[in-house]
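Below: the structure, in structure tokens.
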Amino acid sequence: MNPRTGPAEDVLLQQPWLPVTIDGSQFLVKSWFGETAYRILLTDMQCVWEERMDAAAMESRAQELNRRLRASVRAFFSHLCEVAQPCLSGGGRTGDEAQVSVSQQQDGNITLRLKSELAGLPFYWEFHCKPAPVALVCVQLVRPLLAMSCLLQRQVEDLGDLLVRKDEEIQDYQENGATLSRERLQTDAFDKQPYTEDFIQKTLPLLWSEPSDALGFNADLQQLYATIVAQRGAQKRKRPEKTDAELDQPSAEPPAQTLTPDVGSVGDDPKNQNSSEQVEPPDGRSTSRPAAQTKQPALGTTRPVERPTSKPKKKKAGLFR
């Protein structure tokens with residue numbers, strides 16, 4: 001099994017991207033914490049980084065960063081979850097007990113440093129995140145965002161069609177004598193093209209002028225992301241079952257058969273067993289002449305086989321004995 005398509009990967013995919021501010025920098029983060037393992041993804045929309053850790057790797061790093069630590073992995077990992085999860089979910093610090101800083105290395109990696117207190121002693125932890133492969137970025141970010149964009153576009157089109165029908169309904173009321181009791185409720189008829197152009201012209205400059213919200217997924221977008229990836233996962237789970245059922249069904253058409261000549265039908269005919277013909281010339285000497293060999297077509301070709309003559313050839317008698 002591919003390690004990148006295990007249960008942890010599926011659980012991480014279902015987690016929405018959350019806007020997080022770490023040490024004054026804006027990130028989108030998604031994370032998963034198991035019993036003694038974790039996965040973390042973060043992006044500043046210029047690069048995507050990831051880290052995955054299991055129990056053995058965590059024990060080694062904990063001993064490297066905390067020389068006096070003698071606790072088991074399960075013991076300090078529960079403390080790490082309590083401290084790190086609020087920081088990676090946009091909740092900030094848990095009081096003043098946790099401090100988080102971020103630094104980017106020259107090799108392109110990024111390090112999140114966390115300092116807290118465990119059993120009265122300082123506890124240090126570092127998330128060493130490396131640039132994520134393109135395939136992972138496509139699965140976790142690009143494809144869901146494209147699906148969200150397509151879904152929202154269809155929603156806009158449906159709402160535009162609904163507005164057009166509403167305008168026709170209002171026009172019908174007006175033609176039958178209906179009037180508004182309050183003039184402030186009067187609206188212009190909806191025209192899709194001018195509305196779209198005006199909306200982009202007014203909204204796009206505001207979007208780029210607010211960098212704090214440029215990376216943000218609000219609650220509605222987070223819910224939409226989770227719904228899309230859940231639906232995608234359900235379709236993937238159903239697809240292998242459908243494929244197996246299709247394979248069990250017999251083929252609708254038998255495969256086309258290639259016409260091949262029966263090579264043995266010519267050679268096995270007793271009428272063609274004479275390999276040579278005797279010819280006696282007038283001088284009384286008998287000579288033998290080999291029979292002409294019949295060419296047989298190559299296998300797999302559709303050229304018909306030359307049928308033997310209906311009557312066997314009779315030996316010619318010499319004119320003089």
Side-chain angles (χ1 to χ4, degrees), residues 5 9-20 26-30 41-46 48 89-90 132 134-243 245-246:
T5 58
E9 192 74 22
D10 294 336
V11 175
L12 182 66
L13 179 60
Q14 296 174 7
Q15 301 296 322
W17 290 91
L18 302 175
V20 175
Q26 296 286 331
F27 295 97
L28 289 178
V29 180
K30 60 162 51 185
L41 285 173
L42 70 158
T43 177
D44 59 355
M45 289 302 174
Q46 296 183 359
V48 179
S89 61
V134 176
L136 180 64
V137 176
C138 291
V139 170
Q140 296 284 349
L141 184 61
V142 178
R143 292 179 184 172
L145 287 180
L146 290 176
M148 291 171 62
S149 176
C150 182
L151 188 62
L152 292 174
Q153 180 63 30
R154 293 187 180 182
Q155 184 184 32
V156 169
E157 292 176 356
D158 289 346
L159 291 175
D161 295 339
L162 180 60
L163 286 175
V164 171
R165 293 197 301 269
K166 287 292 184 182
D167 287 338
E168 294 174 351
E169 181 180 355
I170 293 174
Q171 183 179 0
D172 183 72
Y173 290 152
Q174 292 176 346
E175 291 176 353
N176 286 276
T179 57
L180 287 173
S181 59
R182 288 167 290 185
E183 293 184 359
R184 62 181 179 85
L185 298 178
Q186 181 72 37
T187 58
D188 297 331
F190 177 73
D191 193 347
K192 180 179 179 180
Q193 187 65 25
Y195 169 79
T196 302
E197 295 176 355
D198 183 67
F199 176 81
I200 294 176
Q201 184 178 2
K202 291 181 179 179
T203 307
L204 193 57
L206 297 177
L207 181 64
W208 295 120
S209 64
E210 299 176 359
S212 60
D213 296 333
L215 301 180
F217 270 19
N218 59 25
D220 293 336
L221 292 179
Q222 293 172 19
Q223 180 63 36
L224 180 60
Y225 178 95
T227 302
I228 287 176
V229 295
Q231 180 67 21
R232 179 66 174 172
Q235 291 179 352
K236 283 186 176 181
R237 286 190 294 270
K238 292 179 181 179
R239 189 173 300 168
E241 299 175 359
K242 181 178 179 181
T243 303
E246 291 176 352

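The figures that follow rest on heavy atoms only: side chains count, while hydrogens, waters and symmetry mates do not. These figures come from a predicted structure and were not determined experimentally. One is the number of the first residue; the rest follow in order along the sequence.
- Few gaps surround CD on Glu169; more than 12 heavy atoms of other groups in view lie less than 6.0 Å from it.
- Put simply, CE on Met148 and CD1 on Ile228 are 5.5 Å apart, with the number rounded to the nearest 0.5 Å.
- For the pair Ser89 and Leu18, the tightest heavy-atom approach, listed with the atom from each and the gap, is CA-CD1, 3.7 Å.
- When all heavy atoms are compared, the tightest approach of Leu28 to Met45 is CD1-CE, 3.3 Å.
- How far CG of Leu204 is from CZ of Phe199: 9.5 Å, rounded to the nearest 0.5 Å.
- You'll find the side chain of Asp161 stays beyond 4.5 Å of the side chain of Phe190, heavy atoms only.
- Closest of all the heavy-atom pairs between Pro144 and Cys138 is CD-O, 3.8 Å.
- Within a 6.0 Å sphere centred on CG of Asn176, other residues, nucleotides and ligands contribute more than 12 heavy atoms.
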Leu152/Gln155 under side-chain contact (heavy atoms from CB on, under 4.5 Å): CA gap, chis, key distance, verdict:
CA-CA 5 Å; Leu152 292 174; Gln155 184 184 32; 3.6 Å; yes
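- Contact check for Gln26 versus Asp44: no side-chain heavy atoms found under the 4.5 Å cut-off.
- Two residues are said to be in side-chain contact when any heavy atoms from C-beta on lie closer than 4.5 Å; Leu163 and Tyr195 fail this criterion.
- Between the OG1 atom in Thr227 and the CG atom in Leu151 there is a gap of 9.0 Å [rounded to 0.5 Å].
- When the shell of 6.0 Å around CD of Glu175 is examined, it contains more than 12 heavy atoms from other residues, nucleotides or ligands.
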Carefully, step by step, assess Leu42 and Val20 under the rule side-chain contact (heavy atoms from CB on, under 4.5 Å).
CA-CA 9 Å; Leu42 70 158; Val20 175; over 6 Å; no
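- Not a single donor-acceptor pair under 3.5 Å links the side chain of Asp167 to the backbone N or O of Ala189.
- Atom CD1 of Ile170 is separated from atom CG of Leu180 by 8.0 Å, given to the nearest 0.5 angstrom.
- The NZ atom of Lys30 sits 9.0 Å away from the CD atom of Gln14 when rounded to the nearest 0.5 Å.
- Counting all heavy atoms, side chain and backbone alike, Val229 lies closest to Ala226 at CG2-O, 3.3 Å.
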Which is it for Leu41 and Phe27 under the side-chain contact (heavy atoms from CB on, under 4.5 Å) test, yes or no, and what are the steps along the way?
CA-CA 10 Å; Leu41 285 173; Phe27 295 97; over 6 Å; no
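- Judged by distance alone, the side chain of Ser149 and the main-chain N or O of Leu145 form no donor-acceptor pair under 3.5 Å.
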